[in-house]
2 protein chains.
Amino acid sequence: MNWGKAMEKKTQKHGKSVVKMRDVAALANVSIATVSRYLNGNLDRMSADTADRVADAIDKLNYVPNSAARQMVKKSSGLVAVVAGNIDDFFSTEMFKGINAMLESKGYIGVLFDSNSDLDREKHLMQIVSNQYFDGAILQPYNTVQVIRETIKRPMPIVMADREIEQSPWPQVVTNNYEVARQATQYYKDKGFKRVIMITSSLSMAANRRDRYYGIQSVINNIDVLEVSEKSYNHKKVLEQLTTLINGSQEDTLIFALKERWLTEFIPRLFYMGLIDNDHVAVTGFSDTGTAQYIDAKTKLIAQNPYLIGASSGEIMLNMLEGKHRDPEKIVVPAKFG
Amino acid sequence: MNWGKAMEKKTQKHGKSVVKMRDVAALANVSIATVSRYLNGNLDRMSADTADRVADAIDKLNYVPNSAARQMVKKSSGLVAVVAGNIDDFFSTEMFKGINAMLESKGYIGVLFDSNSDLDREKHLMQIVSNQYFDGAILQPYNTVQVIRETIKRPMPIVMADREIEQSPWPQVVTNNYEVARQATQYYKDKGFKRVIMITSSLSMAANRRDRYYGIQSVINNIDVLEVSEKSYNHKKVLEQLTTLINGSQEDTLIFALKERWLTEFIPRLFYMGLIDNDHVAVTGFSDTGTAQYIDAKTKLIAQNPYLIGASSGEIMLNMLEGKHRDPEKIVVPAKFG
């Protein structure tokens with residue numbers, strides 16, 4: 001507020017700008033302090049409606065803050081916020097490394113926020129990103145487009161990473177979840193596998209998981225789904241559930257892990273227990289790093305490329321930061337089976 | 001610079017403060033702009049010597065910036081920077097989760113920077129942390145105290161996490177690396193193991209790894225050290241080196257992995273290859289999460305508690321942010337064997 005008043009005074013004194021902050025405030029029917037807060041990006045306790053009214057008034061009056069104010073409003077921190085789904089997964093950390101490799105080529109730095117697979121927490125983090133001087137945001141969100149729009153009120157470049165959203169207002173970098181899950185399942189179907197046990201985090205929470213599920217289902221529809229909570233689960237109990245499921249059918253069974261964490265956590269034990277013979281019981285899944293592929297020499301996995309997804313997201317962000325207009329395009333970084 | 005001049009003008013006009021910014025500049029023998037940059041925390045292109053002179057002059061003259069300037073200098077972003085060693089390790093990400101759990105209890109948020117095990121990169125990130133409005137910094141550094149001091153010029157609360165530094169100027173949260181490595185080695189020595197193959201990242205880079213090494217060495221000094229670069233290594237070649245080392249002696253051999261990543265990446269393959277029988281060849285190592293402990297039922301590991309190390313670091317940071325004076329104390333969060 002102090003800065004807002006100081007700015008206005010300077011504007012009046014120099015007389016360079018005809019439209020003043022108070023004119024904007026009057027048209028928007030808000031206080032000068034509110035306009036100042038808007039210009040400062042302090043939108044925390046401002047309703048979306050108020051922010052819209054101020055933006056409209058600035059637009060209608062063609063209000064140009066003086067150079068000091070403009071500098072402040074446009075102040076570049078050189079920091080790009082990355083709001084990741086859950087840094088317990090290699091996927092998020094590898095993606096972050098890819099984002100940084102690209103951003104740093106132009107002197108920007110990515111900083112990582114961890115939403116911890118929690119919708120409310122993610123929303124809170126997006127509020128912080130909106131209120132602080134980040135130059136842009138790369139999101140791997142669980143919340144809907146509508147929630148993101150209402151939460152990040154400050155105009156800033158936004159890129160969706162690893163999230164496929166229909167009619168997205170922002171560029172998105174995605175992977176071929178449906179196709180590659182379908183391809184892997186077909187490979188095992190051709191070898192005689194007729195049934196799938198799928199290990200996944202909550203299906204309702206993320207569209208990319210559902211896409212993988214639909215891809216599997218399009219080939220083999222005899223699927224047992226085992227959902228494991230990312231936040232709390234009992235390792236022994238999950239292993240027991242898996243064992244029961246494996247032993248519960250005579251059909252040749254494919255165990256399909258939808259994320260690397262479940263592969264590395266549960267599959268080695270199943271091998272030791274002699275439950276996977278690659279003949280009647282085989283395993284596949286999505287992997288992010290080299291670690292999972294060394295579980296067993298005969299196991300074929302789907303290799304994602306989180307680093308490249310990150311680098312592509314970083315590249316789009318750099319273009320946006322440099323003012324090159326980008327349509328809300330969709331870039332597909334394909335995962336590969338086998 | 002604009003802000004600095006604006007501030008000074010206001011100070012003169014209101015006449016509340018006798019000492020002016022120009023007095024500070026004169027005594028420090030720098031420009032007013034430099035004083036302004038100092039007050040704004042823009043210390044990027046300022047030498048440590050210049051910053052010290054300005055700080056001294058402010059101190060000697062008892063210069064008090066006016067309320068607007070003070071507000072700006074003291075501006076709280078609510079963000080605490082966490083500069084982690086390498087987020088490829090579960091240790092760093094778990095520690096970050098622990099830090100956040102604590103910080104958020106008082107409304108702060110931790111943001112993660114990844115130094116990627118690179119000294120220069122870490123230094124660059126610390127410069128950024130120093131220049132931006134972070135309220136504090138929790139560091140897991142590879143650089144020396146001297147480098148950190150020269151790099152983070154802005155006065156801010158600093159906590160060392162997972163790093164033991166002699167005569168540290170900052171509070172530190174460490175683990176009992178030497179003792180627990182010694183304890184684990186003694187357990188296997190008592191069972192007849194006479195030789196150790198140690199898998200580690202660069203020993204010269206981190207004191208905590210050296211402490212572990214000394215702990216092992218104090219019990220069994222017949223050690224083959226296999227250093228694996230965190231940045232680039234060939235999985236197959238490392239496996240071959242391990243195989244050669246295991247087969248190169250008739251003595252009962254303990255394989256000791258100094259970090260979880262090497263445990264999960266190489267040990268399962270050694271089991272499959274029939275090289276570990278828990279009788280003549282056994283394995284142990286430092287683990288950070290539940291994943292490693294499921295490699296083999298008979299394997300006893302050292303369980304670190306990165307989450308608790310993070311939470312303790314976060315708690316100290318909160319105390320410092322709230323102005324409670326903390327001596328550069330050392331808190332030990334012990335790792336547990338077995």
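Reminder, nothing fancy here: chain letters follow the sequence lines and each chain counts from 1. Worth knowing before you read on, the calculation uses all heavy atoms, side chains too, and leaves out hydrogens, waters and symmetry mates.
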Checklist entry - Should we count NZ of K123(B) as having more than 12 external heavy atoms under 6.0 Å? => result no
Checklist entry - Which atoms of I109(B) come close to chain A, meaning under 4.5 Å heavy atom to heavy atom: side chain ones, backbone ones, both, or neither? => result side chain
Checklist entry - Quick one: CD on E94(B) to CD1 on I87(A), what's the gap to the nearest 0.5 Å? => result 8.0 Å
Next on the checklist: Could you check whether any side-chain heavy atom of F271(A) comes within less than 4.5 Å of a side-chain heavy atom of Y272(B), counting everything from C-beta outward?
Outcome noted: yes
Checklist entry - In Å and rounded to the nearest 0.5 Å, what is the CG to OG distance from N131(A) to S77(B)? => result 11.5 Å
Next on the checklist: Which label fits F90(A) and F90(B): parallel for a plane angle under 30°, tilted from 30 to 60°, or perpendicular past 60°?
Outcome noted: tilted
Checklist outcome for this item: Scanning both residues in full, the closest heavy-atom pair of L79(A) with F134(B) reads CD1-CZ, 3.9 Å
Checklist entry - What are the residues of residues 96-108 of chain A, in order of number, with any heavy atom under 4.5 angstrom from a heavy atom of chain B? => result F96(A), K97(A), N100(A), E104(A)
Item to check | Close side-chain approach of V111(B) to L112(A), heavy-atom, < 4.5 Å | outcome: no
